[in-house]
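Step one of this worksheet: look at the structure below.
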Amino acid sequence: MEFTASQIASFINGKIIGDANSLITGVSPVESGEIGHLSFIAQERFAHYLDTSKCSVLIVSEALITKEHYNSTIISVKDAYLSFQILMNLYQEMQGKKEGIEDGSSIHDTAVIGEKVYIGAFTYVSQKAKIGDGTQVYPQVYIGKGVKIGKNCKIDSGARIYDYCIIGDNCIIHSNTVIGGDGFGFQPTAEGFQKIPQLGNVIIEDNVEIGSNCSIDRATIGSTTIGKGTKIDNLIQIAHNVKIGANNVIAAQAGIAGSTTIGDWNQIGGQVGIVGHIKIGNQVKIQAQSGVNSSVNDKETVYGSPAISYNDYLRSYVHFRNLPEIVKRINNLENNSKDNTNE
Amino acid sequence: MEFTASQIASFINGKIIGDANSLITGVSPVESGEIGHLSFIAQERFAHYLDTSKCSVLIVSEALITKEHYNSTIISVKDAYLSFQILMNLYQEMQGKKEGIEDGSSIHDTAVIGEKVYIGAFTYVSQKAKIGDGTQVYPQVYIGKGVKIGKNCKIDSGARIYDYCIIGDNCIIHSNTVIGGDGFGFQPTAEGFQKIPQLGNVIIEDNVEIGSNCSIDRATIGSTTIGKGTKIDNLIQIAHNVKIGANNVIAAQAGIAGSTTIGDWNQIGGQVGIVGHIKIGNQVKIQAQSGVNSSVNDKETVYGSPAISYNDYLRSYVHFRNLPEIVKRINNLENNSKDNTNE
Amino acid sequence: MEFTASQIASFINGKIIGDANSLITGVSPVESGEIGHLSFIAQERFAHYLDTSKCSVLIVSEALITKEHYNSTIISVKDAYLSFQILMNLYQEMQGKKEGIEDGSSIHDTAVIGEKVYIGAFTYVSQKAKIGDGTQVYPQVYIGKGVKIGKNCKIDSGARIYDYCIIGDNCIIHSNTVIGGDGFGFQPTAEGFQKIPQLGNVIIEDNVEIGSNCSIDRATIGSTTIGKGTKIDNLIQIAHNVKIGANNVIAAQAGIAGSTTIGDWNQIGGQVGIVGHIKIGNQVKIQAQSGVNSSVNDKETVYGSPAISYNDYLRSYVHFRNLPEIVKRINNLENNSKDNTNE
């Protein structure tokens, strides 16, 4: 990475205040800026860094600029946050994508590999798997029989995708995530638990991102599904036959038990647990660490274990914290009551 | 998969109503049936699908059959759920098992490999490891020094089994699970924490299944043990020197801290935490998300964090939800009491 | 492992009582001792094992020795626990370290590999990565572009270290841990969530140990950092831009959300969740399963979800368990009050 202030200004249609030849070789958060680095200031509460940041170049929202000269070179734009995002996206695209099949990968003769695909060393592609154009499969990935992966996906090192699972276009699967492992289903008998075969698959629609170290189990029969545009963080458990809709955001270490259905545009907090066989509507918010054990209607916000309405939980929790005081008040009332009786 | 209705009927001793030549090529849940697919109806509440399912063939409990003709071909049996299980097991067996050592695996000269073993590409088998007859080790597995794996096991892609761990017969270890990593043991000193060597191992008895992305740590000295027939879901933490008995079921994302002992036939819910150095009896139920910080006797059911008796927790939680109302009642009592005093 | 009692006594400067030629071939916990094994007794409450242990050799704190003869050979030392630790460390060092580059690894021409390094088969080292002297990289590890790993580290099988992450000296990274995966950052739009590029890295200082199946995400810009001597257990989530100081201990399945700052010498319990953008001081204790949603000052101990002072939580929880009784008392007061009013 090596750009001048004027090159950067040209990408985002900005106006330069200061040295247009100022050279940047990296990016810093503004509060820990470094010489030779670029950062941005988009909010009033960070405006004081205009005078103190060590960054050589700062992209700044024009409304925050009050002087004609600063130590750093300033690139003035309408919305510094937006411009910085555009720049970072441009930068990432410039990095280019890997292409080609690396030595040491193992690809079955019957697998169908698209155009401009990257397959890293020690990756294993089983029979009749299909990998779409422009998809990047990093080293040490396992792809089972008959798996279909769409176009322009990125499958990170160590991901495992089991037999007959289907992944749409533009999906990202991070390292060591397991898609299509057996669901957890056993028949109890007097001698022990007998495994119920898990013969379904997992279907992941377009534009889904799944973090690292997740477990998304295959359905017993039918499919476990993750809808278009849903984003899943790290270390998350999705059990067999779960159906997740579109554009959900699920934070790290959440777990969803078997056969539960989740609508669209929900926000599920970190370490949330959701029991099996219930229905979460649309635009629901589930606070971190909640334990949801019954269905939730559209647009509700819930909290607690078991989860109840967010406001109710907070109100009750205020009193919970105050229980020693409440019990004292009851003691007093009882004492008064006795006094009255004794009189 | 391609079978006629009459072939399927013969496997499960069923009676055909309709077209015996009806061909099936897949399996669906009855509520989302597809033409050319097989499903089953075992419960009254699903009986309406007899008339509406798109499945070409339905296995149905005889008690639910009320007509002489249906759109789908019906296979009438005593218990449709049981018959369907038998069929799915048969089907899975028909898939066959892989055999042979794939190119690109790395197997130490001193390792002992049984008969009819499968070892996938990029799997690493260290010195003096033993792998029993009929065991399938998928690609990209790591097997440490002196590890012993029994007969007819399945070790999925990316599992790691560290030095001197022992696995019984008929075990299944899913992808990216780590068995025998160092326990978390440190000696605090003024300068920092000093690692305590973890020199024990993990012993897993027969018929155990362990899900994906689990961490089962080796003992400091002695063994971390998992008893016969115990089933462990995904993303579970078992710390050093934990002893787990037979036929337990442990749901996803549960964690058990060091040196705790767990008996037989317990049910441990998802996201449960159990502290170290305690004893869980037999036939105990621990509700999801509970935090167990003291020993639990046989046949108890516990809930909450810290966990208490299940019924007590629920009773208290009802009042917790009602605390704002309870506090209002106390306010009223105090006001009345003041009124009385003022009188 | 095969030593005589006298060899062992010489390592730890102990005095032998009994057969100096007694041979040991393994180590047991004293409560499940075996013939031919070594164990230790350091506490009064285990002293009865002096007479009953099956171990051939016992290291015993001198204060616990009351007789002149025991069945086992005794090695008397000042502090048996300390001596046993010294011995276990010696034993582990004797095991030696692996060296050399195994066949089947893939190392880019531009990578810089130090002296006495071990790189296992199927490990992938990308361009310009640097691996310091004496570091051991086990099989099936992924090391991204420009990664720097210090001296005498151990990177276990299946760990993934993404582009430009930096790891100090004497660090241990366990199996299947992912360092430098993308942080979970998305821009909401009417059509769905748009990925925010994650262009920072992860910096891990010296003497850090990270357990198995952890996810440590790279910063959006700047660095996610883990300070010197911090020890992290298994299945832990560290989100983007988190800053963790020195000598912290974090137990299994804890999760820390984005941009939170954590000081030094803190103890964070298992399954704890900490929200983003807050500050945890120094020497703080967070009890297992707590949900920390606001900053915590130095030396505080907190508990609950949301977390409050440990003592306050316990006090309130006692009353929570007693809520049915408390409500009965309120009912009585109300009845009495009515009686009074009726009088």
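The structure presented is a predicted model; accordingly, all values stated were derived computationally and were not measured. Side chains are part of it too, since the values below use all heavy atoms of this structure and drop only hydrogens, waters and symmetry mates. Order of the sequence lines sets the chain letters (A, B, ...), proteins ahead of strands, with each chain counted from 1.
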Region of [X] that comes under 4.5 Å of a non-hydrogen atom in chain B:
X	value
Ser212(A)	neither
Ser126(A)	neither
Asp182(A)	both
Leu333(A)	side chain
Ile221(A)	both

* Asked: Are Tyr303(A) and Tyr317(A) close enough that their ring centers fall under 6.0 Å?
  -> no

* **Within the 6.0 Å centroid threshold, strictly below: Tyr138(B) and Phe122(B)** =>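 Not under 6.0 Å, so no.
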
Please classify the contact of [X] with chain A as side chain, backbone, both or neither, using a heavy-atom distance under 4.5 Å.
X	value
Glu209(B)	side chain
Asn207(B)	neither
Glu334(B)	both
Ile326(B)	neither

* Asked: Short question: side chain of Asn152(B), backbone of Asn170(B) - any donor-acceptor pair under 3.5 Å?
  ->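 A pair under 3.5 Å: no.
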
